[in-house]
Undergrad: 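What follows is a structure written as structure tokens; I'll ask about it next.
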Amino acid sequence: MENKQGSLSIHSDNIFPIIKKWLYSDHDIFVRELVSNGCDAVTKLKKLALIGEYQAPEQERYEIRVEVSPKERRIRFTDNGVGMSADEIEKYINQIAFSGARDFIETYKDKANEDQIIGHFGLGFYSAFMVADRVVIETKSYREAEGAVHWESEGGTEYSMQDGTRSEHGTEITLYLSEESREFSELPRVREVLEKYCGFMPVAIYLTDADAAPETELIDPDEKREDDVVLETVREEAEVEEKIDEDGSKELAEHTPARERLKIQKRLQPVNDTDPLWKKHPNEVSKEEYEAFYRKVFMDYREPLFWIHLNMDYPFRLQGILYFPHIELEYEAAEGKIKLFNNQVFIADNIKEVIPEFLLLLKGVIDCPDLPLNVSRSALQNDGFVKKISAYITKKVAEKLTGMCKTDRENYEKYWDDIAPFVQYGCLKDEKFEEKVKDAVLFKNLEKKYLTLEACLKENEERFPNRIFYVTDEKQQRSYIDLFKSQNIDAVILPHAIDMPFIQSLEAKNKDLKFLRIDADLNEALCEKEEAADEASETREKALASAVQKAIGEAAPQVKLESFKNAEVAAMLTLSEESRRMQDMMRQYGMADSEGMFGASGATLVLNRKHPLVKYLQEQVVVRDGSEAEETAREHAEVEVHESAERKPKTKGLTKQLCEQLYDLACIQQGTLSPERMKAFIERSNALMEALTK
């Protein structure tokens with residue numbers, strides 16, 4: 001072939017600068033594209049062998065080699081696939097965007113369908129010019145009549161083509177990298193990129209460093225393979241050890257006989273797994289294999305809870321494995337990683353067009369050869385088709401959850417605390433998902449039993465029809481929990497931030513259903529019914545309530561007296577469910593009051609008439625003019641606590657302090673005090689304890 005020069009035929013004006021700068025968002029993508037082209041070349045040759053158009057040598061091993069040279073600032077990709085003739089170079093390289101893969105599929109679509117062609121676009125080769133100043137191709141077609149071809153280009157717009165020197169079929173592409181892309185001539189960096197994009201490609205990929213000293217290993221002669229490079233034969237002397245006989249004498253015995261071994265160039269190990277787990281049938285995969293795959297791919301050494309193996313052939317092809325990990329973060333911050341593949345080629349993580357938003361809490365791999373990708377293989381087209389894929393994945397996840405709830409309830413309950421935020425989030429984001437899993441949604445009650453919504457309603461239906469009480473913090477709300485347990489009233493535990501929007505959604509969709517936090521009100525089940533108080537008692541209680549409000553100050557809530565069935569509790573703060581949810585919403589938008597407490601409307605401080613401390617406070621209040629209440633002069637006066645002549649600390653009126661203390665303790669049961677009130681609470685507590693010691 002005579003030496004030929006020319007300009008690349010570009011089908012669209014000014015397309016090359018777009019390819020070079022904007023087609024691919026990450027420059028390391030060129031590795032994926034060139035390795036994918038090599039995979040395609042091998043896959044084509046295997047198809048041709050399958051239909052009898054190519055006679056493969058008996059020992060032919062298909063592979064792709066990636067070689068780096070930091071000294072020469074280059075990277076080389078070599079495959080032993082179909083190769084190209086001069087005419088094919090002209091057609092597939094010199095004319096940008098004429099896809100060889102598409103042309104091959106059109107020619108052989110009715111003859112073989114065992115393996116899939118990765119490439120679709122004819123632009124992958126040109127990603128090389130994002131990182132290279134000069135690109136050289138050495139190729140030879142599998143057709144014996146075709147000669148080898150040498151092609152090279154600097155900058156990507158001018159090329160030269162002539163006879164090549166390659167003697168075996170296949171293609172070798174060498175990139176002489178630009179200074180700013182030097183990193184891609186370093187073996188660790190290239191290994192990282194190969195593992196990211198090519199870790200599961202269907203052809204073995206080997207990575208070498210041309211500048212590194214060759215490594216060796218020793219093998220037995222019977223282990224030698226045809227492709228081993230033998231450097232020398234090494235004789236290993238026999239190994240002997242000293243033995244002591246029964247009579248105490250010593251002798252040397254041969255432990256390992258002398259032998260000859262072969263020193264060979266170290267056998268390369270592929271950087272990829274050509275037969276990934278998701279390609280296998282679920283019946284062929286063990287629990288240990290699923291867990292090992294999870295650890296390898298996601299670098300998470302905790303065991304996954306469980307998994308779903310996806311396998312679909314119609315109306316589109318899709319395979320994959322979705323893992324349910326331990327979700328420790330709140331749903332806003334938690335994000336798993338679902339890797340999307342196209343014919344075992346990594347495309348991207350967490351593509352939201354394919355993976356429903358709520359499923360992004362999971363980890364997994366999905367391989368869909370039918371994904372309609374654009375030219376950079378990273379964005380999706382054909383919205384209707386993608387929605388069908390998304391709907392299928394959602395359906396399979398819902399079926400897995402409902403199936404486990406019905407047939408494996410014991411394990412399902414063990415997993416529930418971990419998966420509850422995920423399931424609730426899914427119900428909020430996807431109505432079809434919610435409809436499928438609604439009977440598999442569980443609530444954990446105070447006895448740590450797991451109940452469906454229907455079972456929760458039955459627990460209290462006689463006394464509180466259509467009401468479900470709940471707890472958000474078992475430690476803070478301990479007093480309320482004890483009250484409920486003492487009266488055999490059930491409640492469920494809702495510790496996650498997502499629980500609130502979830503129960504609001506349930507209330508909206510279930511007529512008359514109402515969720516109430518256990519401190520929203522003290523109902524008749526917790527308080528004793530008493531006969532109507534006489535006018536004098538009622539007046540004194542109103543006077544006490546007024547005095548308590550006055551002692552608390554500006555943040556004072558409403559105050560009332562009840563007779564608790566549990567006489568050990570002095571006071572409790574209740575907040576109506578509506579007010580609490582409003583405050584939660586205000587906090588979410590950064591609008592919480594400066595107190596950060598419950599002094600706003602809707603809060604009530606309930607004092608227990610039966611408690612000695614409340615009785616004491618009643619005794620300290622005198623009624624004036626039938627309405628106004630004041631503390632007695634004896635208690636209102638400042639009280640000195642003498643320790644020494646140098647230190648005489650003073651406390652405020654005891655009654656006022658006790659009122660403030662009761663209120664702050666009730667607030668602590670509800671949540672947290674503001675920094676100012678907490679400081680005052682600690683100082684007051686210290687002062688009261690100091691007074692007690694005297």
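Note that the structure is predicted; figures quoted are calculated from it, not measured. Residue indices begin at 1 and follow the sequence shown. Side chains are part of it too, since the values below use all heavy atoms of this structure and drop only hydrogens, waters and symmetry mates.
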Undergrad: Just by modelled atom types, is the Asp408 backbone N or O under 3.5 Å from a matching donor or acceptor in the Asn411 side chain?
TA: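 Such a contact is absent between Asn411 side chain and Asp408 backbone.
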
Undergrad: Evaluate whether atom NZ of Lys263 has more than 12 neighbouring non-hydrogen atoms of other residues, nucleotides or ligands under 6.0 angstrom away.
TA: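 Result for NZ/Lys263: open.
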
Undergrad: Ring centroids only, cut at 6.0 angstrom: are Tyr415 and Phe324 within range, meaning strictly under it?
TA: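 Centroid distance Tyr415-Phe324: not below 6.0 Å, so no.
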
Undergrad: If you take the centroid of each ring, where Trp contributes its six-membered ring, are Phe346 and Phe200 closer together than 6.0 Å?
TA: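 For Phe200 and Phe346, the ring centres are not under 6.0 Å apart.
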
Undergrad: Does one side chain, of Asp40 or Asn37, offer a donor that lies under 3.5 Å from an acceptor on the other?
TA: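 No, Asn37 and Asp40 have no side-chain donor paired with an acceptor closer than 3.5 Å.
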
Undergrad: Should Glu168 and Lys140 be marked as a salt bridge (Lys or Arg N to Asp or Glu O under 4.0 Å) after you check the CA-CA gap, both sets of side-chain angles, and the distance that decides it?
TA: CA-CA 7 Å; Glu168 297 178 348; Lys140 185 179 187 305; over 6 Å; no

Undergrad: Determine, using ring centers only, whether Phe129 and Tyr159 are less than 6.0 Å apart.
TA: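 Centroid separation for Tyr159 and Phe129: 6.0 Å or greater.
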
Undergrad: Just wondering, more than 12 heavy atoms not from Glu226 lying within 6.0 Å of its CD?
TA: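 For Glu226, atom CD is not crowded (no more than 12 foreign heavy atoms under 6.0 Å).
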
Undergrad: Determine the interplanar angle of the Tyr142 and Tyr54 rings, folded into 0 to 90°, and report it as parallel if under 30°, tilted if 30 to 60°, perpendicular if over 60°.
TA: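 If you compare the ring of Tyr142 with that of Tyr54, the planes turn out perpendicular.
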
Undergrad: Strictly under 6.0 Å, is that where the ring centroids of Trp307 and Tyr294 end up?
TA: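 No; Tyr294 has its ring centre 6.0 Å or more from that of Trp307.
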
Undergrad: Please name the pair of heavy atoms, one in Leu268 and one in Leu207, separated by the smallest distance, quoted to 0.1 Å.
TA: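 In terms of heavy atoms, the two residues are closest at CD2-O, 4.3 Å.
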
Undergrad: Would you call the rings of Phe184 and Phe30 parallel, tilted or perpendicular if under 30° counts as parallel and over 60° as perpendicular?
TA: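 Taking Phe30 first and then Phe184, their aromatic rings stand perpendicular (interplane angle over 60°).
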
Undergrad: Name all residues meeting the side-chain hydrogen bond (donor to acceptor under 3.5 Å, both in side chains) criterion together with Ser69; count only those two or more places apart in sequence or in a different chain, and write none if there are none.
TA: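 By the side-chain hydrogen bond (donor to acceptor under 3.5 Å, both in side chains) rule, Ser69 matches Asp211.
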
Undergrad: Going by atom types only, do Tyr323 and Asp300 share a side-chain donor-acceptor pair under 3.5 Å?
TA: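 Tyr323 vs Asp300: no donor-acceptor pair found between side chains.
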
Undergrad: Give a yes-or-no answer on whether the side chains of His150 and Glu138 include a donor-acceptor pair shorter than 3.5 Å.
TA: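 A pair is found: one side chain offers a donor N or O, the other an acceptor, under 3.5 Å apart.
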
Undergrad: Checking Lys91 against Glu88 for the salt bridge (Lys or Arg N to Asp or Glu O under 4.0 Å) test, could you report, in this order, the C-alpha distance in whole Å, the side-chain angles of both residues, the deciding distance, and whether it holds?
TA: CA-CA 5 Å; Lys91 186 176 182 180; Glu88 287 167 331; over 6 Å; no

Undergrad: Find the distance between CG (Leu340) and CD1 (Ile366) and round it off to the nearest 0.5 Å.
TA: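 So the CG of Leu340 and the CD1 of Ile366 are separated by 7.0 Å.
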
Undergrad: So which atom in Val234 and which in Leu218 form the shortest heavy-atom distance, rounded to 0.1 Å?
TA: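 Residues Val234 and Leu218, closest heavy atoms: CG2-CD2, 4.1 Å.
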
Undergrad: Between Ser141 and Ser85, do the side chains contain a donor N or O and an acceptor N or O under 3.5 Å apart?
TA: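 The answer is no; no qualifying pair exists.
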
Undergrad: Quiz question: by atom type and distance under 3.5 Å, do the side chains of His169 and Glu60 form a donor-acceptor pair?
TA: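 Indeed, the side chains of His169 and Glu60 share at least one donor-acceptor pair under 3.5 Å.
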
Undergrad: Go through the steps to decide whether Arg73 and Glu179 satisfy the test salt bridge (Lys or Arg N to Asp or Glu O under 4.0 Å), and finish with yes or no.
TA: CA-CA 8 Å; Arg73 206 169 74 210; Glu179 178 60 38; 2.9 Å; yes

